[in-house]
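Taking it in order: structure first as structure tokens, then the write-up.
None of these values were measured; they are calculated from a predicted model.
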Amino acid sequence: VRPQVTTLNGAPVIYVGTGRYLGSTDVETSPKPKNSFYGIKDDLSTTTTYNSPRTYTSFIGQQAVDGVCPSGAPVSVCQPGQVVRTVTQISGAANSNLTSQNGWFLDFPASAGEIQFTDPRLALGTLTFSTSVPKKATSAVCSAKTGGSDGDALAYMLDYLTGGAV
């Protein structure tokens, strides 16, 4: 998967996710690893190594969680009672973004084994990418879904400055 690279006020910004699906050991691992998606800005003023963005106050933290389609939501968005993925800010100052911070991270649900598997794309301030939650090892990774054990695919549309949902 190729990262998305852009600039913000002359500073390079890279968007990249974690996770891999190369074989059965990537699916059948227990416990499943927690994967994330990152937006990281290089302000070009210092040499900084971000070993764990979660420990830096200059990063905005986001968490993806499962919920239920809210009543009254348009059916073009989701069906009543349907399980949906929402994004909630878990750290960093409210209303902060990459213009004043060094980055953001979005943690996929813990122990789900969710992986980012498509090239992220940035257009009109919206960052889009897909993830997969493989449930079983199979040699037919691109075959039609035959049941609940096949896994799930999700699409994310995030604000490129905050990592929050658009």
Side-chain angles (χ1 to χ4, degrees), residues 1-22 26-27 29-71 73 77-78 82-135 151-166:
V1 176
R2 186 175 64 179
Q4 173 71 54
V5 179
T6 190
T7 59
L8 179 64
N9 300 326
V13 180
I14 185 167
Y15 299 97
V16 63
T18 63
R20 72 177 195 176
Y21 187 20
L22 302 175
D26 296 324
V27 178
T29 303
S30 183
K32 303 238 184 262
K34 179 169 74 171
N35 290 304
S36 304
F37 196 90
Y38 300 90
I40 301 172
K41 179 179 75 174
D42 185 348
D43 65 12
L44 302 175
S45 65
T46 60
T47 303
T48 304
T49 303
Y50 296 115
N51 296 325
S52 176
R54 284 159 198 76
T55 63
Y56 292 93
T57 58
S58 61
F59 274 73
I60 304 160
Q62 305 281 3
Q63 174 70 51
V65 295
D66 288 331
V68 177
C69 180
S71 62
V77 174
C78 58
Q82 177 184 8
V83 174
V84 295
R85 181 67 49 86
T86 59
V87 175
T88 305
Q89 185 172 340
I90 57 172
S91 65
N95 301 318
S96 59
N97 61 52
L98 282 179
T99 58
S100 61
Q101 301 295 305
N102 290 336
W104 54 261
F105 61 89
L106 167 65
D107 286 335
F108 301 135
S111 73
E114 185 172 352
I115 56 173
Q116 186 257 327
F117 72 98
T118 59
D119 293 344
R121 295 285 182 237
L122 178 59
L124 303 173
T126 301
L127 184 69
T128 60
F129 60 91
S130 299
T131 64
S132 176
V133 184
K135 303 281 190 213
D152 297 304
L154 299 111
Y156 284 85
M157 290 170 262
L158 304 176
D159 181 310
Y160 80 115
L161 293 175
T162 66
V166 292

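In this structure a side-chain-to-backbone donor-acceptor pair under 3.5 Å is present from T118 to S130. Of the possible donor and acceptor atoms, one in the side chain of N35 sits under 3.5 Å from a partner among the backbone N and O of E114. Of the possible donor and acceptor atoms, none in the side chain of Q62 sits under 3.5 Å from a partner among the backbone N and O of W104. Between the side chain of Q89 and the backbone N or O of S91 there is at least one donor-acceptor pair closer than 3.5 Å.
Checked options V65, L154, T131, I115; the residue passing with F108 is T131 (criterion: side-chain contact (heavy atoms from CB on, under 4.5 Å)).
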Between L8 and L161, is a side chain to side chain contact (heavy atoms under 4.5 Å, CB included) present by the stated rule, with each step listed? CA-CA 9 Å; L8 179 64; L161 293 175; 3.7 Å; yes
Begin with the C-alpha distance, continue with both residues' side-chain angles, and end with the deciding distance and a verdict on side chain to side chain contact (heavy atoms under 4.5 Å, CB included) for N102 and Y56. CA-CA 9 Å; N102 290 336; Y56 292 93; over 6 Å; no
Given Y160 and V13, is the side chain to side chain contact (heavy atoms under 4.5 Å, CB included) satisfied, shown in steps? CA-CA 10 Å; Y160 80 115; V13 180; over 6 Å; no
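Between Y156 and L127, the closest side-chain pair of non-hydrogen atoms is not below 4.5 Å. Under the 4.5 Å side-chain criterion, counting only non-hydrogen atoms from C-beta, C78 is not in contact with V68.
Here the CZ-OG1 distance, from R121 to T128, works out to 8.0 Å after rounding to the nearest 0.5 Å. Remark: T126 OG1 to L158 CG distance equals 9.0 Å, nearest 0.5 Å. Between I60 atom CD1 and L98 atom CG the span is 6.0 Å, to the nearest 0.5 Å.
Within the 6.0 Å centre-distance limit, the rings of F37 and F129 are counted as a close aromatic pair.
The environment of CG in N95 is sparse: at most 12 heavy-atom neighbours from other residues, nucleotides or ligands sit within 6.0 Å.
Across all their heavy atoms, K41 and A11 have their closest contact at CG-CB, 3.9 Å. In this structure, A64 and L106 approach most closely via the heavy-atom pair N-CD1, 3.6 Å. In terms of heavy-atom proximity, Q101 sits nearest to S96 at CG-CB, 3.9 Å. Across V1 and P120, no two heavy atoms sit closer than the pair CG1-CD, 4.2 Å.
For the pair R54 and F105, the distance from NZ or CZ to the six-membered ring centre is under 6.0 Å and the angle to the ring normal is within 45 degrees.
Side chains of S36 and D107: a donor-acceptor N/O pair is present below 3.5 angstrom, by distance only.
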